Amino acid sequence: MSLFKNFVEIIGNLGDNPKYILSSQQQPRFTFDICTSKPYKQGEEWKTKSTWVKCTAWGNAATTYSKMQFAKGDRVMVEGELQNNDWVNNQTGEQHHELYLKVSEMRKMARPAKSGNGTAKANRNAAPQNTSGTVQDDYQAEFYAQQQADIDDLPF
């Protein structure tokens, strides 16, 4: 058993339309930025802290995700591992370092429902949408919905 684990799961919104390109080695690449937001209170005023994460899927996964019609603003769940990308600019000789999420799973999520007064209200059944149609995905979506129901039943 390994003592270390490199696993990340993020739920957020796409900051722009994802890009599907071929790398210099002719490998399919699907890139996008995802934004998560966290509200906090400063004095009497509510503010939002946003965190942006660069994400890339490679190979067959990149080709599959490019066909799923993801668009700017979509709420998505992304799973993968953090990777380093180091390179040198051939023209300037400048070294670059980048940390990104290497995507292994990506799903569209349902949007939160709006309450009657116009404020966002969490959708209790906001399970990941099944985009690949596998039995495992159906099970995961059902499991997620049950977890949300169990959380909503807590007495506090």
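Just the heavy atoms: all of them, side chains too, but no hydrogens, waters or symmetry mates, feed the values below. Every value quoted in this text rests on a predicted model; they were computed, and no experiment measured them.
- Scanning both residues, Ser104 and Gly80, for their nearest heavy atoms gives OG-CA, 3.6 Å.
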Pair Thr63-Phe30, side chain to side chain contact (heavy atoms under 4.5 Å, CB included): steps then yes or no:
CA-CA 7 Å; Thr63 303; Phe30 188 70; over 6 Å; no

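- Linking ILVMFWY residues whenever their side-chain heavy atoms come closer than 4.5 Å, directly or via other members, places Val53 and Val103 in the same cluster.
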May I have the list of side-chain donor-acceptor pairs in residues 41-49 shorter than 3.5 Å, sequence neighbours left out?
{"unit_1": "Gln42", "atom_1": "OE1", "unit_2": "Lys47", "atom_2": "NZ", "d": "2.8"}

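- Between Tyr20 atom OH and Arg29 atom CZ the span is 11.5 Å, to the nearest 0.5 Å.
- Applying the 6.0 Å contact sphere to CG of Asn60 captures no more than 12 heavy atoms from other residues, nucleotides or ligands.
- Hydrophobic cluster membership is shared by Leu82 and Phe32, with clusters built from Ile, Leu, Val, Met, Phe, Trp and Tyr side chains linked at under 4.5 angstrom.
- Put simply, the side chain of Leu99 reaches to within 4.5 Å of the side chain of Asn84, judged on heavy atoms.
- Within 6.0 Å of atom CG in Asn6, more than 12 heavy atoms from other residues, nucleotides or ligands are found, so the atom counts as buried in its surroundings.
- Within the structure, salt bridge (Lys or Arg N to Asp or Glu O under 4.0 Å) contacts touching residues 54-71 (residues at least two apart or in different chains) are Lys54-Glu98.
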Would you list the atom pairs, donor with acceptor, under 3.5 Å between side chains in residues 68-78 and any protein atom, with sequence neighbours excluded?
{"unit_1": "Asp74", "atom_1": "OD2", "unit_2": "Ala71", "atom_2": "N", "d": "2.8"}
{"unit_1": "Arg75", "atom_1": "NE", "unit_2": "Asn13", "atom_2": "OD1", "d": "3.4"}

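- Here NZ of Lys102 is found 11.5 Å from CG of Asn85. Values are rounded to the nearest 0.5 Å.
- Contact between Ile34 and Cys55 at its shortest, heavy atoms only, is CG2-SG, 3.8 Å.
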Are Asp86 and Gln95 close enough, and set up right, to give a side chain to side chain contact (heavy atoms under 4.5 Å, CB included), and what steps lead you there?
CA-CA 7 Å; Asp86 298 311; Gln95 292 188 346; over 6 Å; no

What verdict does the side chain to side chain contact (heavy atoms under 4.5 Å, CB included) test give for Tyr100 and Thr31, after you've listed the backbone C-alpha separation in whole Å, the side-chain angles of each residue and the deciding distance to 0.1 Å?
CA-CA 10 Å; Tyr100 73 97; Thr31 63; over 6 Å; no

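- Counting heavy atoms from C-beta on, the side chains of Thr51 and Cys35 never come closer than 4.5 Å.
- Rounding to the nearest 0.5 Å places CD1 of Ile10 at 10.5 Å from CD of Glu79.
- Counting non-hydrogen atoms of other residues, nucleotides and ligands closer than 6.0 Å to CD of Gln26 gives a total above 12.
- Side chain of Thr36 to backbone of Gly12: no donor-acceptor contact under 3.5 angstrom is found.
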